[in-house]
Amino acid sequence: MKLLTLSEVTKSFGGVTAVGGLSFAVRQGLVTGLMGPNGAGKTTVINLITGLLHPDSGSIRLVESELGVAAPHVIAQLGLARTYQNVRLISGMTALEQVMAGSFLKRETSLIASFLHLPAARRRMRALEERARHLLSRVGMADRADVLAETLSYGEQRRIEIARALGAEPRLLLLDEPTAGMNAAESHAIGELIHRLRDEGLTVLMVEHNMKLVADFCEHVVVMNFGRLITEGTPAACIDDPDVQEAYFGKARDADRLGALR
């Protein structure tokens, strides 16, 4: 089943087309990679999907819901959560508190009940804490729950962001360069985490420059350049595509660099 569908999506800024007639789909239960060289338009696509921008034309649908003019918080409530290219944690909060904050999108008690600390609100807070600890366990961070998030390593902070996004109980998780700045071992560990989440039923759209990570952990890949689709298919087929190689490496391709991806 197609969980997310973009159809002929276009977005321009001051006469410059950032995304031009882009169409692709993310199928439920798969890890889909969105690739492209710098300036390809990936960030604009992410912002269009999550409601930070609205398309000039075309359609973006999450199952039956049109997202094109929806606000970010509405899109989140429909079942889409994201992480960012740069770590965005709240200063002064523990890992547990960071993850609990992500669960407040699913509010089940009134603001008045929460403010007055009524029994229903206290029960809700206990349930949120229990769920946040479970989410930390899912991402391998159970033993870091009470540590200030800003004191954790970069890789651990990435895991906290993923756990926080999971707190919103998404149908689709959008990861924006989740391994940026990591070494090979750290990147592989994040890839394995993404596969575990997929095996638990989550659908993932991963924006990533790391071709090795994409080749190892994505089932389907979409490659774009200059705001348009180059190709899509299996990771191996996309990496071998001459248009993809030219987009990344130029006409004089670096055979050794390509060979390292296989």
Side-chain angles (χ1 to χ4, degrees), residues 1-28 30-86 88 165 168 170-178 180 203-211 214 218-235 237-239 241-251:
M1 184 183 81
K2 294 179 181 179
L3 189 60
L4 177 73
T5 305
L6 280 71
S7 301
E8 295 294 325
V9 173
T10 297
K11 181 66 179 180
S12 298
F13 300 97
V16 177
T17 300
V19 177
L22 182 66
S23 299
F24 70 87
V26 175
R27 293 192 172 275
Q28 185 172 346
L30 298 182
V31 180
T32 297
L34 178 60
M35 294 175 55
N38 290 330
K42 302 185 300 298
T43 297
T44 301
V45 171
I46 298 168
N47 290 337
L48 289 168
I49 293 171
T50 56
L52 296 178
L53 295 172
H54 300 310
D56 299 330
S57 61
S59 172
I60 304 174
R61 298 185 68 83
L62 185 64
V63 190
E64 71 284 351
S65 302
E66 175 62 43
L67 306 184
V69 296
H73 72 278
V74 173
I75 293 173
Q77 290 170 343
L78 289 171
L80 192 152
R82 70 170 294 180
T83 64
Y84 293 84
Q85 183 176 350
N86 299 313
R88 297 188 180 186
R171 291 187 284 181
L172 173 63
L173 177 62
L174 196 161
L175 302 175
D176 188 0
E177 298 194 31
T203 302
V204 178
L205 175 61
M206 178 170 66
V207 180
E208 186 55 69
H209 279 294
N210 184 335
M211 285 191 178
V214 169
C218 291
E219 286 100 5
H220 187 78
V221 177
V222 175
V223 188
M224 59 183 297
N225 196 21
F226 298 115
R228 299 183 181 276
L229 180 71
I230 299 178
T231 190
E232 61 178 313
T234 65
C238 289
I239 290 172
D241 188 291
D243 291 333
V244 174
Q245 295 178 10
E246 182 173 333
Y248 271 91
F249 306 117
K251 293 185 178 180

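Keep in mind that what you see is a predicted model, and the values were worked out from it rather than measured. Residues take their numbers from the sequence shown, with the count starting at 1.
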Evaluation steps, side-chain contact (heavy atoms from CB on, under 4.5 Å), between V45 and V207: CA-CA 10 Å; V45 171; V207 180; over 6 Å; no
Nearest-0.5 Å distance that lies between atom CD1 in I46 and atom OH in Y84: 10.0 Å
Interatomic spacing from CG in L3 to CG in L172 - rounded to 0.5 Å: 5.5 Å
Shortest non-hydrogen contact from A18 toward T44: CB-OG1, 4.0 Å
Residue pair R82 / N47, side-chain heavy-atom distance below 4.5 Å: yes
Distance in Å, E232 CD paired with M224 CE, rounded so as to fall on 0.5 Å steps: 12.0 Å
Contact summary for R228 and G20, nearest pair of heavy atoms: NH1-O, 3.0 Å
Side-chain heavy-atom pair H209, N38 within 4.5 angstrom cut-off: yes
Step-by-step side-chain contact (heavy atoms from CB on, under 4.5 Å) determination, L62 to I75: CA-CA 9 Å; L62 185 64; I75 293 173; 5.6 Å; no
Check: T32 and R27 side chains under 4.5 Å, non-hydrogen atoms: no
Shortest non-hydrogen contact from V221 toward C238: O-SG, 3.8 Å
Which atom of I239 lies closest to which atom of M211, heavy atoms considered: CD1-O, 4.3 Å
Contact check, side chains of P170 and L80, non-hydrogen atoms, under 4.5 Å: no
Side chain proximity check, N225 to D243, heavy atoms < 4.5 angstrom: no
Check: T50 and P72 side chains under 4.5 Å, non-hydrogen atoms: no
Distance-minimising heavy-atom pair for L6 and V9: CB-CG2, 4.0 Å
F13 side, atom CZ; L53 side, atom CG - distance, nearest 0.5 Å: 4.5 Å
Any E66 side-chain heavy atom under 4.5 Å of S59 side chain: yes
Heavy-atom side-chain proximity of K11 to P55 below 4.5 angstrom: no
Separation between CG of L205 and OG1 of T203, rounded to the nearest 0.5 Å: 10.0 Å
N/O donor-acceptor pair under 3.5 Å between K42 side chain and L34 backbone: no
From CD (E177) to OG1 (T43), nearest 0.5 Å: 7.0 Å
Where A81 and A165 come nearest, the two heavy atoms and their spacing: CB-O, 3.5 Å
Under 3.5 Å donor-acceptor, S7 side chain and G58 backbone: no
L48: which of L67, I60, T10 passes side-chain contact (heavy atoms from CB on, under 4.5 Å): I60
